[in-house]
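Here is how names work: the chains are called A, B, and so on, in the same order as the sequence lines, proteins then strands, and each is numbered from 1.
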There are 2 protein chains.
Amino acid sequence: MSSIRDVAREAGVSVATVSRALSMPEKVSEEAMNKVHRAIEKVGYRPNMLARNFRSARSYAIVVLVPDIANPFYSLVIRAIEDRAQQKGYAVLLGDTRGTPERELEYIRRVETRLADGLLQLRPHSEKTHNVIPPDIATVNACGCEYTTGPSVRIDNRGAAKTIVDYLISLGHRRIGAISGLKDNPHAIDRMKGYKESLAEHGIPFDPDLVAEGDFTMWSGLNSAFQFCHMKNRPTAIFSTNDEMAIGAIQTLKSQGIRVPEDMSVTGFDDIAYAKYTDPSLTTMSQPAEEMGKMAMDMLLKIIEGEPLTQTECVLPTEFIIRKSTAPAPGAELPNTPKKVTPAP
Amino acid sequence: MSSIRDVAREAGVSVATVSRALSMPEKVSEEAMNKVHRAIEKVGYRPNMLARNFRSARSYAIVVLVPDIANPFYSLVIRAIEDRAQQKGYAVLLGDTRGTPERELEYIRRVETRLADGLLQLRPHSEKTHNVIPPDIATVNACGCEYTTGPSVRIDNRGAAKTIVDYLISLGHRRIGAISGLKDNPHAIDRMKGYKESLAEHGIPFDPDLVAEGDFTMWSGLNSAFQFCHMKNRPTAIFSTNDEMAIGAIQTLKSQGIRVPEDMSVTGFDDIAYAKYTDPSLTTMSQPAEEMGKMAMDMLLKIIEGEPLTQTECVLPTEFIIRKSTAPAPGAELPNTPKKVTPAP
DNA sequence: TTGTAAGCGTTATCAG
DNA sequence: CTGATAACGCTTACAA
């Protein structure tokens, strides 16, 4: 519990010199430097960061607001954020909101009360169900959507979804079921837009009976798929707005004796690590999770440090990964099997 | 940026009264209370927690040291920790070490410099490869092993592993391959002990050729399995020390035309969410991830607050989950198929 | 290059 | 119950 004073006394210099030796070494003589370091060693001094942060009115911490840390896509983004933060000397406060506005508010308060210098959001902001972020708070959205306001990093969810459905249609599918996220989830909304756009473009009428509402969990994918199994005129393909629901859906299909992809194709979204190891492996849209986290962190740091933002919205490219869960529609006659699909911008 | 002074002036009371109104409301008259709250509202006051923490020499934060946040088992534990921390008014600093002692040290420093009040470790401590935690730091291990020193929460890794291998043997398996974690990983060591114990108990000689060293990733499981496929006298079952390696291994086996479980049984460890959705679904040992995080957090809080610990080591029960990835050994004659297996203590 | 001393926003200690 | 005031450990003008 020794303080800077003890070091100063031991070294025979002033506290100012000790302070400077620690934070502006170039302004201290070599001799003083040595004395200080010896003294630090001797008294076992550790600077009190609480005091330093207080004095400099900065916490060197940011909070990450995430709907669910156990979601593998989010944990990838967070890992990248943490990595970057550590490099820059910032700490990451974990803010798992579990979808509740109350918990979210707690974390917003943490930055209002100076416990954090900024806020990184991993879920698109929907004013209806979430708190509005006070305007004086430095914040960046790392997983934005089309209508995200304020600085954000995102992918083209709509375009990426359209790419997937275009592909399904090119395989001869005409009845394509969709497993959406919750109705007011901005990611689900954007992706469903792409789904509808693709259908419209190919002259396929949109059928509301063909969309099931999930909540991005495997469990909900499992349940949603039942709805499609027992239809009189069941779809030949399922477009899921994320990988876990697709994995759950495949499970159900198999249990009902429906072969994937021979009888029904299934696509995911995110390309989580498990997508490659399911049976069959999952055709899906890969998001640059690491890059998203890293870029968002860099943007937030700029805002915090008062540097100008070169661009306020950053749309990153996705990659369409074709694996084994998709095949030509049963009985479809294809002019030629598509070899290549342009990735979403 | 208004301070407690502004509130005091506005309310016509002293700063001491404002401070008390906020942290010891029972010691303030109702009248003063009202004046203060009106003033707070009016000037838009938010207490500066940096100052409060500095003054009270507490950060109300803990750091969680985790080898890899993207590991689904760890993210479950962390979610529970965060939940508990939030309830108790503590923040969680994410410390993803990526296995490097340097990053680990950075986080240990954070608690030495008062930026956190305590340390929760999610990996067993092995003195050889990790920093030693200074004795004056409040710390609890949430995923301990047999030889973890200091307060810890853990499961009986050895016993649980033995339960699995006992089961395999009861199915008639005699040549049982093992995919271990890295040699010096304490979890891997404990679990491999259980493996060997079970073999010994059943009079099956231990064969070093039958153990592959993985690193707990799916990728390493995938590679390890190849080693078993191409053996002259290949095993009829694989005991993997975690689920991801088991999932990777199954992938390899299938690709090599080896049916699971008909030709070869595979077992995992952890029971991550995906274990239920692989094909075939995975027989594995379920760890009480949430409970482990919650208990460890409670213990750490007690240490921080100076309360006595009722017990310093807490061993939680596991549950053996038999799914579809295990079956009787090919050609084995079983006296009677085992119906029930006693779970590890 | 170094030292002196004035804060930073709170809480805690004393008197009143 | 309330108010004045001294810390808390550090940074940073300003002076030397």
Q: Give the C-alpha distance, both sets of side-chain angles, the deciding distance and a yes or no for salt bridge (charged side-chain N to carboxylate O under 4.0 Å, His left out) between R123(A) and E104(A).
A: CA-CA 11 Å; R123(A) 60 104 182 79; E104(A) 184 181 82; 2.4 Å; yes
Donor-acceptor check, side chain of [X] to backbone of [Y], threshold 3.5 angstrom: yes or no?
X       : Y       : result
D117(A) : R58(A)  : no
T113(B) : R109(B) : yes
H37(B)  : A21(B)  : no
T97(B)  : T100(B) : no

Distance only, no hydrogens: is a donor on one side chain within 3.5 Å (strictly under) of an acceptor on the other, for [X] and [Y]?
X       : Y       : value
E10(B)  : Y45(B)  : no
Q121(A) : N141(A) : no
N53(B)  : S59(B)  : no

Q. Are D96(B) and R103(B) ion-paired here, with the side-chain N under 4.0 Å from a carboxylate O?
A.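 Salt bridge absent between D96(B) and R103(B).
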Q) Could you spell out the base pairing of DNA chain D in dot-bracket, with Watson-Crick or G-U pairs whose two distances are under 3.5 Å, [ ] crossing and | to another strand? A) ||||||||||||||||
Q: May I ask you to evaluate whether S14(B) reaches the phosphate of dG3(D), defined as a side-chain N or O under 4.0 Å from OP1 or OP2?
A: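 Yes.
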Q. ring-ring contact (aromatic ring centres under 6.0 Å, His included) with Y60(A): which residues, sequence neighbours excluded?
A.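 With sequence neighbours excluded, Y60(A) shows a ring-ring contact (aromatic ring centres under 6.0 Å, His included) to Y90(A), given in chain and number order.
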Between [X] ([atom1]) and [N] ([atom2]), how many Å, whole number?
X       : N       : atom1 : atom2 : result
D6(A)   : dC8(D)  : CG    : P     : 11 Å
L50(A)  : dG9(D)  : CG    : P     : 11 Å
R46(A)  : dC10(D) : CZ    : C1'   : 17 Å
R114(B) : dC10(D) : CZ    : C1'   : 12 Å

Q.
Could you report the tightest heavy-atom contact between G44(A) and S2(A), atom names first, then the distance?
A.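 Result for this residue pair: O-OG, 3.7 Å.
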Q | DNA chain D-proximal residues of residues 27-35 of chain A, any heavy atom under 4.0 Å | A |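 Those residues: none at all.
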Q) With sequence neighbours left out, what residues match I137(A) under side-chain contact (heavy atoms from CB on, under 4.5 Å)? A)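 By the side-chain contact (heavy atoms from CB on, under 4.5 Å) rule, I137(A) matches I108(A), V111(A), E112(A), L119(A), I133(A), P134(A), T139(A).
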Q | Positional range of nucleotides in DNA chain C within the contact set of chain A, heavy-atom, under 4.0 Å | A |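 The protein-touched segment is dT1(C) to dG9(C).
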Q: Measure the spacing between CD of E291(B) and CG of L76(B) and express it to the nearest 0.5 Å.
A: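 One gets 12.5 Å once the value is rounded to the nearest 0.5 Å.
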Q. Along nucleotides 11-16 of chain D, 5' to 3', which nucleotides get a B, which get an S, and which get a -, given that the test is a protein heavy-atom distance under 4.0 Å?
A. BBB---
